[in-house]
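Working notes for the structure below.
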There are 2 protein chains.
Amino acid sequence: MTVSKAGSGGPSVAVTADIVVLTIQSAQLVVMLVQRANPPYQGRWALPGGFVEPDENLEQAALRELVEETGLEGFPGHLEQLRTYGAPNRDPRMRVISIAHLGLLANLGLPRGGSDASAARFRPVAELLAPDGQAAGTPTPARNAPALAFDHGEILADGVERARAKLEYSPLATAFVEEPFTLAELRRVYEAVWGTSVDTADFRRQALSAEGFVTPFPPAAGRGTEGGQPADLYRRGPARLLHPAMLRPAR
Amino acid sequence: MTVSKAGSGGPSVAVTADIVVLTIQSAQLVVMLVQRANPPYQGRWALPGGFVEPDENLEQAALRELVEETGLEGFPGHLEQLRTYGAPNRDPRMRVISIAHLGLLANLGLPRGGSDASAARFRPVAELLAPDGQAAGTPTPARNAPALAFDHGEILADGVERARAKLEYSPLATAFVEEPFTLAELRRVYEAVWGTSVDTADFRRQALSAEGFVTPFPPAAGRGTEGGQPADLYRRGPARLLHPAMLRPAR
DNA sequence: CCAATAGTGTCTGTAAGACAATATGGG
DNA sequence: CCCATATTGTCTTACAGACACTATTGG
C-alpha cells in the first residue's frame, strides 16, 4: 500500500486497493512485496497497492497498482477480493480504508523494479508468518522476520488462510501451475500452500474423482522429470467447486 | 444504505457501511430492510447503512446505522464483514464504496420505525431472491418481488450465501436461537436458512458428535412443545469450527 | 388409547487415510 | 540391472443418508 499526502482540500478518508500476490517458487509459498521508499515505515516491506481512481473498479485498481509497482503485467492468474481493513489509526497520516485483494499466480515472469517502489520481490511466506499462521506482529516477530508495514502482516495472514481454505473446496490450486501440468505438480501446490505432505496415491484418487477439477491433456503424452516414469498431463477442468472436497489434514 | 449529498468541498469518494441482518420468523429466513425516504430509489426497500464516521471502525459504523434506522439496539447476535462493493456507478450521485456486513440474530425484538428511514421491517428472503439464490435483478425480478435499491439485491444474495455456507462448518446457527434451545429449534434454523428439510435423527447425531457445538443445559430439563415428548435443552458450545461439518444436501 | 414429538438403532454407500505393490521411464 | 518416479490396489475407519423403531408427554 502506498499512500501519498492528500491533495488540496482532499478527502477526509482515502480509499486504497492492496493485493496479496502468492505464487510458488522452489516448493515454497512466496508473496510479492515492495520496499517502501518514503515514511512512514520507510524501508519496510509492504504489499503492493495504492489509491483507487475515480472511474475504475476495485479489482482494476489492485491490478493497476500491481503493474505500476512491480512491473508484473497481464496477470494470467486468479484474482478475488479478500477483505477490507479500516481501523481508524491503521495509517498514522490519515484515515485510510483499504480493500485488500488476493492474487494467485503460476511462477513465470519475475518482478522487475517498478516506478513507485524502490524494490519489488517475492519473499517466502513462512519467513513472514508465525508457525501458527498468525501475522508476525509487533510483540513477537518470527526470528529474522521483519514485520511488514502498517497492518499488512494481518492482511497477509488473512490472504494465506483464504488460499489454504479455498484449496479445499475449489479448484484454485490450478491457478498456481501452467498448463499442461502433472498431478505431481498440482500436489506440490497443496503441499507448499498447506505446509504439509500429501500422499501421492490418495491425492491422485481424490483429484480424479472430483468431477471437473482436471481434464486429461489430449495427447495423453507424458513428461519425464528426473529419471522416473513420465507423468500424465492435465489441464484445468470446468468445475468451480470440488466434490468431494480435498480436506486439510489434522482437523 | 443511505447517502446524503456530500458536504461543502466534500470528498470525491464516500465510504458507507451497510448491513444484512438475518433472522428467522415463522420458519422463514427474513432480512431487515428500510424504505428509502428520498431519491434516488425513493420508496424502494434497501439495506440499513450509512456513512462511516471519522473515528469509528467499520463494524461500529454498521451497528450505529442499524440502530439509527431501525431502533434495533444492543444486537446480541453475530456480526462479521461480508464484502466491499465499489463499482464506479453503483450510486448515481457519486462514487460510493460500501463495506457490507452480515448480522445474524435471534428473533426477539422487532424493529420500530427509526429516524432516518420512513419504515423498517423484516421481509422474507425467499420473496426477494430468485429460486437459484441469485439476486432479483432488474432483468427478471421474481414475481411480486420488488427489486431492492442500488445493488442491494446482489449484496443480499452474497450475504445469504455466506450464511448458508457458514452453517456448514461453523456453529453460527446458534446465533439464530435464544439460550437455552432444543435440537429441534436448531434444526429448524438449518431448514429455514438452507430451504431444505433435515432428517431429525441424522441432525441429532451430527450436532452432538461435533465437539463444542452445543453443550447440555444444566438442569437437563425438558421443554414440551405441542403435545410431544419434552426435548433436552442445550446452550452454545465453545467451538468456533465444526468437526465434522454439517454439509448441505444435493451437492 | 391416540396423537405428536423426542430420541435410538441399524444398515448401506462413499470417502479419507495409510501403505503395499506394480509399472515405466532414464542411466 | 538399478533407481526414481508414476500409477494402481487393498484394507480400515469414519461418516452421511435413509429409515425403522422405541420413548415420553398431553389429551
Side-chain angles (χ1 to χ4, degrees), chain A residues 27 167-169 173 177 180-191 194 196-217 219-234 239 241-251, chain B residues 27 164-165 167-169 173 177 180-191 194 196-217 219-234 239 241-251:
Chain A
L167 286 209
E168 292 192 286
Y169 59 88
V177 294
F181 51 84
T182 69
L183 289 184
E185 290 165 348
L186 194 58
R187 181 175 52 81
R188 281 184 217 108
V189 169
Y190 279 86
E191 292 184 327
W194 285 348
T196 65
S197 65
V198 176
D199 184 275
T200 61
D202 293 333
F203 180 80
R204 160 174 297 273
R205 178 164 39 81
Q206 291 177 29
L208 296 180
S209 74
E211 194 173 357
F213 186 18
V214 296
T215 61
F217 188 65
R223 174 200 299 171
T225 49
E226 299 169 26
Q229 172 180 350
D232 294 342
L233 294 175
Y234 297 89
L241 250 27
L242 258 33
H243 288 320
M246 318 260 310
L247 298 182
R248 279 178 277 188
R251 306 178 51 120
Chain B
R164 286 175 175 160
L167 287 209
E168 293 192 285
Y169 60 87
V177 294
F181 51 84
T182 68
L183 289 186
E185 291 166 347
L186 193 58
R187 181 175 51 80
R188 282 185 214 107
V189 168
Y190 279 86
E191 293 182 329
W194 286 347
T196 66
S197 65
V198 176
D199 185 275
T200 61
D202 294 333
F203 181 80
R204 160 174 295 271
R205 178 163 39 81
Q206 291 178 27
L208 295 180
S209 74
E211 193 173 355
F213 186 17
V214 296
T215 61
F217 188 65
R223 174 199 298 172
T225 48
E226 299 169 26
Q229 173 179 346
D232 294 344
L233 295 175
Y234 297 89
L241 251 26
L242 258 32
H243 289 320
M246 319 257 313
L247 298 182
R248 279 178 276 188
R251 306 177 52 122

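Note on naming: letters A, B, ... go to the chains in the order of the sequence lines (proteins, then strands), and numbering restarts at 1 for each one.
- In this structure A:T215 satisfies the side-chain contact (heavy atoms from CB on, under 4.5 Å) test together with A:R235, A:P238, sequence neighbours excluded.
- Put simply, CZ on B:F181 is 16 Å from C1' on C:dA6, counting in whole angstrom units.
- Rounded to an integer number of Å, the gap from B:L242 CG to D:dC15 C1' is 14 Å.
- Taking atom CZ on B:F203 and atom C1' on C:dA6, their separation rounds to 14 Å, with Å as the unit.
- Scored by the salt bridge (Lys or Arg N to Asp or Glu O under 4.0 Å) test, B:E211 finds no partners at all (sequence neighbours excluded).
- Partners of A:R187 under the salt bridge (Lys or Arg N to Asp or Glu O under 4.0 Å) rule, at least two apart in sequence or in another chain, are A:E191.
- Whole-Å rounding puts the A:F213 CZ to C:dA15 P distance at 16 Å.
- Not counting sequence neighbours, the partners of A:D202 by the salt bridge (Lys or Arg N to Asp or Glu O under 4.0 Å) test are A:R205.
- Defining each end axis of the helix from C:dC1-D:dG27 to C:dG27-D:dC1 as the rotation carrying four pairs' C1' atoms onto the next four, with five pairs an end, the two axes are found to diverge by 10° to 10 degrees.
- Going from atom CZ of B:R187 over to atom C1' of C:dA6 covers 10 Å, rounded to whole Å.
- As judged by a 4.0 angstrom heavy-atom cut-off over every strand, A:T200 is placed among the base-contacting residues.
- Atom CG in A:L233 sits about 17 Å away from atom P in C:dT24, given to the nearest Å.
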* **Stepwise side chain to side chain contact (heavy atoms under 4.5 Å, CB included) check, B:Y234 with B:L208** => CA-CA 10 Å; B:Y234 297 89; B:L208 295 180; 3.9 Å; yes
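- If you take NE2 of A:H243 and P of C:dA15, they are 11 Å apart, rounded to a whole angstrom.
- Going from atom CD of B:E211 over to atom P of D:dA14 covers 15 Å, rounded to whole Å.
- Residue A:L183 comes nearest to A:A207 through the heavy atom pair CD2-CB, 4.5 Å, listed as atom of the first residue, atom of the second, then distance.
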* To do: Classify every nucleotide of nucleotides 17-27 of chain D by which part a protein heavy atom approaches to under 4.0 Å, writing B for the base, S for the sugar-phosphate alone and - for neither, in 5'-to-3' order.
  => BBB---BBBS-
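- Here the closest heavy-atom approach between residue A:P180 and residue A:E185 is recorded as O-OE1, 4.3 Å.
- Here the closest heavy-atom approach between residue B:L242 and residue B:A210 is recorded as CG-CB, 4.2 Å.
- Between B:R204 and C:dA6 there is no side-chain N or O to OP1 or OP2 distance below 4.0 Å.
- The two atoms that bring A:P249 and A:W194 nearest to each other are CD-CE3, 4.2 Å, heavy atoms only.
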